[in-house]
Amino acid sequence: MSASDPSSSSQSEYVTLVSGDGFEFVIPRSTACVSGTIRRMLEPSSRFSESVTGRCVLENISGIVLEKVCEYFCYNEKNKNQTYVPDMDIPPELCLELLMAADYLDA
């Protein structure tokens, strides 16, 4: 079918992650699937609306934290086959919230 076919959105190369305070981040589907939680939400066989819309609303994660999470997903994807991976810069004031988000997202 055509790219404008609504059923093709579940196969989109990109997904939108939305924070609880309304910030939206569009990232490649494969990158977002670093998260076990997001991967399960997007599985075509799941009964989650996210699998159809390609849009995951993460109510309990703030925009500033979700931005860093998306940065990590991209960083992880970029460096997954590297032997030496430099540390990612994480502001100390976000550490606790990032740990809680990582636990929730199974990342």
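The model shown is predicted, which means the values in this text are computed figures rather than measured ones. Numbering of residues begins at 1 and proceeds along the displayed sequence. For the numbers below, each heavy atom of this structure counts, side chains included, while hydrogens, waters and symmetry mates do not.
- Atom CG of L17 is separated from atom CZ of F73 by 7.0 Å, given to the nearest 0.5 angstrom.
- Under the 4.5 Å side-chain heavy-atom criterion for ILVMFWY residues, no single connected hydrophobic cluster contains both M100 and L94.
- Residue pairs meeting the salt bridge (charged side-chain N to carboxylate O under 4.0 Å, His left out) criterion with at least one member in residues 36-47, sequence neighbours excluded: R40-D106.
- In this structure, SG in C56 is found 9.5 Å from CG in L105, a value given to the nearest 0.5 Å.
- Without hydrogens or angle criteria, T31 side chain to E77 main chain gives no donor-acceptor distance under 3.5 Å.
- Distance check, rounded to the nearest 0.5 Å: CG of L42 to CZ of F48 gives 10.0 Å.
- Residue pairs meeting the salt bridge (charged side-chain N to carboxylate O under 4.0 Å, His left out) criterion with at least one partner in residues 57-66, sequence neighbours excluded, do not occur; the list is empty.
- For the side-chain hydrogen bond (donor to acceptor under 3.5 Å, both in side chains) condition, the pairs that include at least one residue of residues 60-72, sequence neighbours left out, are K68-E71.
- Atoms CZ and CG, from F23 and L66 in turn, are 10.5 Å apart once rounded to the nearest 0.5 Å.
- Taking CD1 of I90 as the reference point, atom CG of L98 lies at 6.0 Å (rounded to 0.5 Å).
- Hydrophobic cluster of V18: the remaining members, joined at side-chain heavy-atom separations below 4.5 Å, are V57, listed by chain and number.
- The side chain to side chain donor-acceptor pair (under 3.5 Å) check on S19 picks up D21, with sequence neighbours excluded.
- The hydrophobic clustering, which links ILVMFWY residues whose side-chain heavy atoms are closer than 4.5 Å, places I61 and F25 together.
- Screening residues 85-94 for side-chain hydrogen bond (donor to acceptor under 3.5 Å, both in side chains), with sequence neighbours left out, gives no hits.
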### Task
Report the C-alpha separation of D103 and L99 in whole Å, then their side-chain angles, then the decisive distance to 0.1 Å, and conclude whether the side-chain contact (heavy atoms from CB on, under 4.5 Å) test is met.
CA-CA 6 Å; D103 183 54; L99 282 171; over 6 Å; no
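- A distance of 8.0 Å separates NZ of K80 from CG of N76, quoted to the nearest 0.5 Å.
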